[in-house]
Each structure stands twice: as C-alpha cells, then as structure tokens.
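Notes follow once the structure below has been shown.
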Protein chains: 2
Amino acid sequence: MQLTRRAEYAIRTMLDIASNLDDQPLMSKEIAARQDIPLNFLIQIVPELRSAGLIHTVRGSGGGIYLTKKPSEISLRYIVEAIEGPIALNQCLIGDASCERQPRCPIHEVWALAQRQMLAVLEATTLAGLVDQSQSGKKAGKTSAAADVASKINNEVELEV
Amino acid sequence: MQLTRRAEYAIRTMLDIASNLDDQPLMSKEIAARQDIPLNFLIQIVPELRSAGLIHTVRGSGGGIYLTKKPSEISLRYIVEAIEGPIALNQCLIGDASCERQPRCPIHEVWALAQRQMLAVLEATTLAGLVDQSQSGKKAGKTSAAADVASKINNEVELEV
DNA sequence: CTAAACTTAAGTAAATTGGTAAACTTTATG
DNA sequence: CATAAAGTTTACCAATTTACTTAAGTTTAG
C-alpha cells in the first residue's frame, strides 16, 4: 500500500529536470547527488523513464537527460505508472476487472471509488505545478501545488490524516 | 501500492460476520469456506482482528467469532489498519512525518492530499453500509455502498479508472 | 583515442507475501 | 472425565519484491 522508492526517485528526477532552466541536458550523476538518490539505482530507473517516453537521453560525453514534453503535460500519475505499471489499490481493480466474486461486489466498488479519488489528485498534479511551488518557495504566496490541486478538483474532504 | 490478501480476507471475514443474522458465533471454518479463504491462513488473521478489538472469540466446542461493535461503527479503514497498520501511501507520510527533505516538500503534500481523499472513502464506508447493499442485492434499488459513500462525501470526481 | 556518459545484464541481501503445518489450550457435551 | 470441537501459538517455507551494487559493455564529443 505504499509507493516504491523507485517511483519516488522517478518523481524527484522528473521534478529535478523540470526545474532545470538551462537547456543543457542533465546528467544522472548531478541529479543523483542533488536528489539524494543512489547513482547506480538511478541509472536503472532512467531507462524505464525513457522507454515510457517521458525523457530523451543523449549518450556520450556532453550527454544527459531532458524531458520530451512540457512539465504542464506530465502528471504524477503518469510518472508513477511509468515505473510501477497501472495503479490498482486492490487486486480486483487490475485490468478492466469486475470482481469475479459477485456481479457487483460492494467491496470492489468501494475500492474503485477510493482509487478514483486518489488518482484524481495524482492526475491533476503536474510537474509544472510542483515546480511553481518549489520556486515560489520562500515568497509570500502560500499556494501549494496540493492546494491548487485541491481547488482544481474542488472537493477536498475534511479529515485528519 | 496494493491491499494485501490478509487485509482483503479480513474485510470479507468481517462482512461475513456482520451479515450473519443468528446470534450464534460463526466458526472460522464456515467463514473460510463461504468466503474462499484458505482456512489455515484465516486462522492466522483472526487473532489479529481480535487483538485489534474488532471481534470476540469463544474457544472450545460451540465457540466461534462475533463482532464487538455494531456494523455501523466499523469502517473499512479500521479493518485495514487493524491488519496492515497505519495506511501511508508514501514513506514520508508515516507517523506525523513532515518530509525530511524540505520544510514543505511539494511532493509530500500532494501525496498527503491523495491519501486524505482515499481515506475519506474508506472511513465513510461501514460494514452496515456494505451489508445493506449485499442484501438489497437483486432488488430494484440500485444504491451501492460506494454510491452512498460518494454522496456522503459529496465530492466524487469524474475520472475514468 | 580517450574520457565522459548512458546501456545492459547480473547478482544479492533483506523484507514481504501468501501460505502450510503441527502442537497446544480451552470448553461444551455425553 | 473423556473426547471432540474450537480457537491459539509458534514455526516454517517458497516465491516475489525491494533496493541496491557490480561489472562489462557501447556511444560520442573533443
């Protein structure tokens, strides 16, 4: 029931690249150092992001990594699923999957709803939104990416975590 | 990122007991057969539900299991956390946990929001709601427990899963 | 041609998952 | 009080996943 380190590192990596202002491609080594990711582990994650079409990589001296899309077009959901495959909170939500137990299993439907609620947040959150917040950082404006998302899906529930 | 079998079986077990109309305690063996749970596995789960205070067990011949609370007072969240411990979609959400990376890490806050959305559903879903739906089963009324919950938290997001 | 950079393919220790098995304790009932 | 029915406890296990590490490539700028 928890995000893997791989996916967390993938998110940090994508965010690191999206925050990069030069148009030089970034090297894995820099990213690893800046984001506290074991280099040899990151080096394994990068090709997965590439085969998912999220980044381009340039080999050889002077090479590195850059994004293939605009940060505003890359959602957290997309990044997570690039690494972990489709998100399914319950086994019965894999694929199109209606529960095999009953035509309409009540448990199945509750998990489906919980998952929709969660995915809505991950889908509404883009790298652009996250970068904005990181960069407004110390400034007066206290809008968080999460707050943006919350207002976007205009339905945050009051509940202590 | 997925519910374990243990927790799924725990939910089925609790729902099975809540659906029981007699006030005879139910035996693990019956429950296992009815809910397609390997008996020897269920037998391992039952004591966990008991130490979480969700059920009482009666030993010896004629013994079995019954609920300690009313089905309307038992939420899915409670059952899941009895088995898996506190739900945390990201490592940085364990405990009270503010992210150690930044005072306000944008990634952390997004996951916190996603988790609140998900937990709201699991918390609003009680065994009573699920039993209602199972039993209205074939009838005309098409209210699902999930639909009830959705209206309760009055904010379901449109999104294809 | 060589150092910088990504690529590919193994390997690995530890934890988790989903079970199974066996020995034990408690208790109703005859 | 004997016995069978029921839950309890403990231990074990194989497969998978996780989070890495290592090492031997390949590509390319300069």
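On a predicted model such as this, the values are computed, not experimentally measured, just so you know. Excluded from the calculations below are hydrogen atoms, water molecules and symmetry mates; all remaining heavy atoms, backbone and side chain alike, are included. Below, read A as the first sequence line, B as the second, and so on, with proteins coming before strands; counting in each chain starts at 1.
- If you check dG11(C), dC6(C), dA28(C) against the side chain of Q44(A), the one that comes closest is dG11(C).
- As a whole-Å value, the separation of L3(B) CG from dG18(C) C1' is 13 Å.
- A donor atom on one side chain and an acceptor atom on the other are found under 3.5 Å apart for E84(B) and T4(B).
- Mapping V46(A) and S61(A) onto DNA chain C by nearest heavy atom places S61(A) closer to the 5' end of the strand.
- Side-chain contact between I55(B) and L67(B): present, with at least one pair of heavy atoms (C-beta onward) separated by less than 4.5 Å.
- Residue D22(B) qualifies as enclosed at atom CG: its count of foreign heavy atoms under 6.0 Å is above 12.
- In this structure, Y66(B) is not a member of the same hydrophobic cluster as L42(B), with clusters built from ILVMFWY side-chain heavy atoms closer than 4.5 Å.
- Remark: P of dA5(C) and CD1 of I65(A) are 12 Å apart, rounded to the nearest angstrom.
- Residue L26(B) is classed as a sugar-phosphate contact, given heavy-atom separations below 4.0 Å to backbone atoms only.
- In the 5' to 3' direction, nucleotides of DNA chain D lying under 4.0 Å from heavy atoms of chain B begin and end at dA5(D) to dA11(D).
- The two atoms that bring A52(A) and Y78(A) nearest to each other are O-OH, 3.7 Å, heavy atoms only.
- The nearest heavy atom of DNA chain D to G60(A) and to R59(B) marks one nucleotide each, and the one closer to the 5' end goes with R59(B).
- Rounded to a whole Å, the CD1 atom of I83(B) is 16 Å from the P atom of dT16(C).
- Atom CG in N40(A) sits about 14 Å away from atom P in dT7(C), given to the nearest Å.
- Rounded to an integer number of Å, the gap from CZ of R5(B) to C1' of dT20(C) is 17 Å.
- Side-chain contact between H108(A) and L93(A) is present, with at least one heavy-atom pair separated by less than 4.5 Å.
- What separates CD1 of I43(B) from P of dA22(C) is a distance of 14 Å, to the nearest Å.
- Rounded to a whole Å, the CG atom of L42(B) is 14 Å from the C1' atom of dT20(C).
- Checked against dG18(C), dT7(C), dA21(C), the side chain of P47(A) finds its nearest nucleotide in dT7(C).
- Rounding to whole angstrom units, CG of residue L39(B) and C1' of dA21(C) are separated by 12 Å.
- Contact between Q133(A) and P106(B) at its shortest, heavy atoms only, is OE1-CB, 3.0 Å.
- If you find the closest nucleotide of DNA chain D to Y9(A) and to M27(B), the one lying nearer the 5' end belongs to M27(B).
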